[in-house]
There are 2 protein chains.
Amino acid sequence: MIRDSRLSSVLHGLLHMIGAGEPVTSEQLAQAMATNPVVVRRVMAGLREQGLVRSEKGHGGGWTLARDPTDISLADIYRAVGAPTIVAMGHRSENPGCLVEQAVNDALGDTFREVEALFLKRLGGVTLEALAKDFKRRLAKHKQSLEDQIHAVK
Amino acid sequence: MIRDSRLSSVLHGLLHMIGAGEPVTSEQLAQAMATNPVVVRRVMAGLREQGLVRSEKGHGGGWTLARDPTDISLADIYRAVGAPTIVAMGHRSENPGCLVEQAVNDALGDTFREVEALFLKRLGGVTLEALAKDFKRRLAKHKQSLEDQIHAVK
DNA sequence: GTATCATGTAACTTCATATGTTACATGATA
DNA sequence: TATCATGTAACATATGAAGTTACATGATAC
């Protein structure tokens, strides 16, 4: 199963980056991602290797998107975050000679690939831009709702 | 991701049960599953609850299939083994109010379900019987190959 | 009926992995 | 050259899966 909190966490960070017009420090991202700066660097390093973000040292340094959000899909991010294969059955000892494994693999190997392909295809259909837009919409709605509550109290 | 060694492990046990004409003890299954008896009972308990196997105490006791292998699919087993949902993204704190989570969920919620459905559908298409047959075929082939090697040496 | 065998299960330990933390090196800007 | 920010190694902590021990319960053989 996937219970990767990293993808979710990274998305928080990236949306934060889109909002800011300047480099965002690991310290700031750590706030947005509810973790600490070193973990941020660790995770973002993966995205940097995939060319999704850039990092810069020194004064005014920090993290910025390396590509247009319309050109980054959730699949890209998922992979960069260190995407493990979704389905991977296997005995602990990864025994390639095991006949049971072989039989299962023969029966389901294609399925594993198929499921994974579907998953990535869907992730590939959502851009960071689209997600950001939806997020902003929700944010606006949320604010409005809060204001309404305040007015109702008055 | 799924890296469930339990499913694989359980299949070893079940194939073993099919072969034996009598109840198989946890001790014996532990051998087949490369683990220990208590773990076997723990895992098999899940299968028993789903009506896939039966257990009996005392002399001559042990584990037996409760249904015909043609009537047990890998999906049944997968579920019984304590199938976690395949894909489940989420922040650690499972924050339902988080707007980022909401946006992601709105964009991918259906996808998660779709992927899971596909996976289970495929698992559902393979019966324990089919797997056992394939396994036996491989076993025979394997034996033959070993004999050939011996003859070649002579 | 009682000795033996097998499961049922709670409690604990071990192990693997992900995450968090500290410390310090490196590079960039003021 | 002082300060700020990343890079990264090394270590600490937390979580959950798997393994283990111990003992209770139920079933069969004698």
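The chains referred to below are lettered A, B, ... by the order of the sequence lines, with proteins before strands, and numbering in each begins at 1.
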With pairs defined as Watson-Crick or G-U wobble and both distances under 3.5 angstrom, please note down DNA chain C as a dot-bracket string, | for pairing with another strand.
-> ||||||||||||||||||||||||||||||

Tell me, please, which residues at least two apart from A:R138 pass salt bridge (charged side-chain N to carboxylate O under 4.0 Å, His left out).
->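 Applying salt bridge (charged side-chain N to carboxylate O under 4.0 Å, His left out) to A:R138 gives A:D134, B:D106.
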
Got a sec, which residues hit salt bridge (charged side-chain N to carboxylate O under 4.0 Å, His left out) with A:E114, two or more places apart in sequence or on another chain?
->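 Checked A:E114 against salt bridge (charged side-chain N to carboxylate O under 4.0 Å, His left out); matches are B:R122.
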
Listed by chain and number, what are the side-chain contact (heavy atoms from CB on, under 4.5 Å) partners of [X], not counting sequence neighbours?
{"X": "A:N36", "answer": "A:V38, A:V39"}
{"X": "A:A75", "answer": "A:S73, A:R79, A:L120, A:L123"}
{"X": "B:Q144", "answer": "B:E147, B:D148"}
{"X": "B:E27", "answer": "B:T25, B:P37"}

B:N36 side chain N/O closer than 4.0 Å to the phosphate oxygens (OP1, OP2) of D:dG19?
->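 No, outside the criterion.
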
Pairs: protein N or O with nucleotides 15-17 of chain C N or O, under 3.5 Å:
none

Atom CD of B:Q28: over 12 foreign heavy atoms under 6.0 Å |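 It does: B:Q28 CD has more than 12 such atoms within range.
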
First locate atom [atom1] of [X], then atom [atom2] of [Y], and finally report the distance between them rounded to the nearest 0.5 Å.
{"X": "B:Q31", "Y": "B:S26", "atom1": "CD", "atom2": "OG", "value": "12.0 Å"}
{"X": "B:L128", "Y": "B:M17", "atom1": "CG", "atom2": "CE", "value": "9.5 Å"}
{"X": "A:L139", "Y": "A:R137", "atom1": "CG", "atom2": "CZ", "value": "11.0 Å"}

Rounded to the nearest Å, what distance is computed from the CZ atom of residue B:R54 to the P atom of nucleotide D:dA27?
->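 It works out to 15 Å between those atoms.
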
Could you tell me the separation between the CE atom of B:M33 and the P atom of D:dA17, rounded to a whole number of Å?
->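 One finds 16 Å between P of D:dA17 and CE of B:M33, rounded.
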
Close N or O pairs between protein and nucleotides 12-15 of chain D (under 3.5 Å):
none

Side-chain donor-acceptor pairs of residues 43-54 of chain A under 3.5 Å, sequence neighbours excluded:
from  : atom 1 : to    : atom 2 : distance (Å)
A:R48 : NH1    : A:S55 : OG     : 3.0

Per-nucleotide protein contact string for nucleotides 3-11 of chain D (B base, S sugar-phosphate only, - none; heavy atom under 4.0 Å) | BBSBBBBB-

State, with a plain yes or no, whether a side-chain heavy atom of B:H12 is found less than 4.5 Å away from one of B:S8.
->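 Yes, their side chains come closer than 4.5 Å.
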
What residues, two or more places apart in sequence or in another chain, satisfy side-chain hydrogen bond (donor to acceptor under 3.5 Å, both in side chains) together with A:T64?
->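 A:T64 satisfies side-chain hydrogen bond (donor to acceptor under 3.5 Å, both in side chains) with no residue once adjacent residues are dropped.
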
